[in-house]
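Nothing fancy with the numbering, it's 1 onward along the sequence. In listed order, ligands and their atoms are each counted from 1.
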Amino acid sequence: MTEFERQRVALGARSYDILVGAELLCEAGRHIAPVLRRPRTIIVTDRTVADLHLATLERALSDVAIACEAVVLPPGEQTKDFAHLERLIDRLLDLGVERASTLIALGGGVIGDLTGLAAAIVLRGIDFIQIPTTLLAQVDSSVGGKTGINTRHGKNLVGSFHQPRLVLADTDVLSTLPQRQLLAGYAEVVKYGLIDRPDFFAWLEGHGTAVIEGDGAARRHAIITSCAAKAEIVARDERETGLRALLNLGHTFAHALEAETGYGDEMLHGEAVATGMVMAFDLSVRLGLCPPEDAARVRRHLAAVGLATGLDDGQRAWNAQRLLAHMARDKKVRDGRITFVLVRGIGRAFLCDDVALDDVEAVLNDAASA
Ligand code: NAD
Ligand code: GLY
């Protein structure tokens, strides 16, 4: 048996474990068996991940006599829509899915969000397990039970809270992940340090390169610490009535950048989050809340690992007014007020809904011309 770490997400009857370690995919059957109501699973994955990792999972399940079938969807954000949800649910019903069947989401956040939503609504709700295969999914989207799809009105506007029964984060599967995707996921790792774990941020300053370059122990530590940080917040505010919104540090800016770039390859979510977190620090400095040295430290670390920290790459002429308009359409706007996650320093994030838009515009303009 290989070494792994365990983090509980404490949600009463809906509590579950996150396991993080090497070779968990090869051993998946042993970990999954205890949480199944019947030894019958349906794996949902995308074509890219299927070609790389599906056979390993199928073998691991058959080793312990768990039946499985697989539904393979196209890779990419476009799969997170009504059409693919309908196709997936039809396929599940064709396969004879039952109330005691369990879905397994094998893939990144797209597959996790879509499979979770299908699990939440098919037959009025069945169990599902997350086997996240991107760094972003291992540290963020597989944990906490947010499921959803995009509509023409925007991202993640249809969904539900539906907690998985288990999360298996195998650090080995990250070896096939393109470097750009890995770095984008790393931005979410940094986020946890910046929200409320200053010691973790300091550790990342020393070990971030090892995490990115594939050091097993460093990766495991970064992932389990990120999951512990998220689990703690989710356990206190599962449905985002307050505290959980801290997980959106940098995201109000990031969503505007993603909306402007079309949620595509030009800017990945994690890349937008990296720039957005820098903007959140800059805004906090501008408002006199945060020491400038802390903002400089954040910028320095993100740049050191290879993440962009501004909008000055010359690829596009950014317009602060357009970005502000995207922010105003964000689903987290309440009574016309945009809620920002601001900081009093590294590891000291808080929510604020009375930021003057002139200050936000100034930060956007500075970022575009830095
Ligand atoms: P993704 O699922 O699109 O995966 C990125 C790409 O990597 C895809 O092309 C995929 O096929 C490929 N891939 C996945 N694993 C691989 C592997 N091991 N080796 C090689 N290729 C691999 O993107 P993502 O960044 O994982 O997730 C983004 C999605 O997550 C967005 O839709 C976002 O809204 C959602 N999200 C959800 C939450 C939540 O709480 N539910 C949180 C953050 C993000
Ligand atoms: N990704 C933010 C959350 O899960 O709440």
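- Heavy-atom separations between Arg47 and ligand 1 are all 4.0 Å or longer.
- Under a 4.0 Å heavy-atom criterion, Lys230 is in contact with ligand 2.
- Contact analysis puts Glu240 in contact with ligand 2, with a non-hydrogen atom separation below 4.0 angstrom.
- Looking only at atom types and distance, the side chain of His269 has a donor-acceptor partner in the side chain of Glu188 under 3.5 Å away.
- Pairing each heavy atom of Arg244 with each of Val143, the nearest pair is NH2-O, 4.3 Å.
- Regarding atom 17 (C) of ligand 1, its nearest protein heavy-atom neighbour is Thr176 OG1, 3.4 Å.
- Nearest protein neighbour of atom 5 (O) of ligand 2, counting heavy atoms only, is Arg244 NE, 2.7 Å.
- Judged by a 6.0 Å distance limit and a 45° cone about the ring axis, Arg316 is positioned over the six-membered ring of Trp318.
- Nearest to atom 31 (C) of ligand 1 among the protein's heavy atoms is Glu77 OE1, 3.3 Å.
- Within 6.0 Å of CD in Glu86 there are 12 or fewer heavy atoms belonging to other residues, nucleotides or ligands.
- Listed by number with element, the atoms of ligand 1 under 4.0 angstrom from any heavy atom of Asp140 are 42 (C), 43 (C).
- Counting only distance, with no hydrogens or angles, the side chain of Tyr192 and the backbone of Val139 share a donor-acceptor pair below 3.5 Å.
- With hydrogens left out, the protein atom closest to atom 15 (N) of ligand 1 is Thr133 OG1, 2.7 Å, a heavy atom.
- Atoms of ligand 1 found under 4.0 Å from any heavy atom of Asp46 (numbered from 1 in listed order, with element): 10 (C), 11 (O).
- In terms of modelled atom types and a separation under 3.5 Å, the side chain of Ser15 and the main chain of Gly12 share a donor-acceptor contact.
- Of the possible donor and acceptor atoms, none in the side chain of Ser284 sits under 3.5 Å from a partner among the backbone N and O of Leu289.
- Listed by atom number, the atoms of ligand 1 under 4.0 Å from Gln181 heavy atoms are 5 (C), 6 (C).
- The shortest contact between atom 38 (C) of ligand 1 and any protein heavy atom is with Ser141 CB, 3.2 Å.
- With ligand atoms numbered from 1 in the order given, ligand 1 contributes 13 (N), 14 (C), 15 (N), 16 (C) to contacts under 4.0 Å with heavy atoms of Val49.
- For atom 1 (N) of ligand 2, the closest heavy atom belonging to the protein is Asp140 OD1, 3.1 Å.
- Remark: the backbone N or O of Thr102 is not paired with any side-chain donor or acceptor of Asp127 at under 3.5 angstrom.
- Considering only non-hydrogen protein atoms, atom 22 (C) of ligand 1 sits nearest to Leu177 CD1, 3.6 Å.
- The proximity of Leu136 to ligand 1, defined as any non-hydrogen pair under 4.0 Å, is limited to the side chain.
- With a 6.0 Å cutoff to the six-membered ring centre and a 45° limit on the axis angle, Arg344 counts as a cation-pi contact of Phe350.
- Here the protein heavy atom with the shortest distance to atom 24 (P) of ligand 1 is Gly109 N, 3.5 Å.
- Interface of Lys155 with ligand 1, defined as ligand atoms under 4.0 Å from a residue heavy atom, comprises 31 (C), 32 (O), 33 (C), 34 (O).
- Close contacts between ligand 1 and Lys80 involve ligand atoms 31 (C), 32 (O), 33 (C), 34 (O), 35 (C) [criterion: under 4.0 Å to a heavy atom].
- Only the side chain of Thr48 comes within 4.0 Å of ligand 1, counting heavy atoms alone; its backbone N, CA, C and O stay farther away.
- Within ligand 1, the atoms closer than 4.0 Å to a non-hydrogen atom of Leu52 are 19 (N), 20 (C), numbered from 1 in the order shown.
- Among protein heavy atoms, the minimum distance from atom 9 (O) of ligand 1 is reached at Pro75 CB, 4.0 Å.
- Between His255 and His251, the two ring planes are perpendicular [angle over 60°; tilted spans 30° to 60°].
- Taking all atoms of both residues into account, the shortest heavy-atom contact from Gln138 to Pro132 is NE2-O, 3.0 Å.
- Under the 3.5 Å distance criterion, the side-chain polar atoms of Thr115 are left unmatched by any main-chain donor or acceptor of Gly112.
- Relative to atom 35 (C) of ligand 1, the option among Asp113, Thr147, Val110 with the closest non-hydrogen atom is Asp113.
- A tilted orientation is assigned to the rings of Phe340 and Phe253, their planes being inclined by 30° to 60°.
- In Lys230, the part holding a heavy atom less than 4.0 Å from any atom of ligand 1 is the side chain.
- Ligand 1 places these atoms under 4.0 Å from at least one heavy atom of Thr134: 4 (O), 14 (C), 15 (N), 24 (P), 26 (O).
- Side-chain atoms of Asp17 do not come within 3.5 Å of backbone N or O of Leu166 as any donor-acceptor pair.
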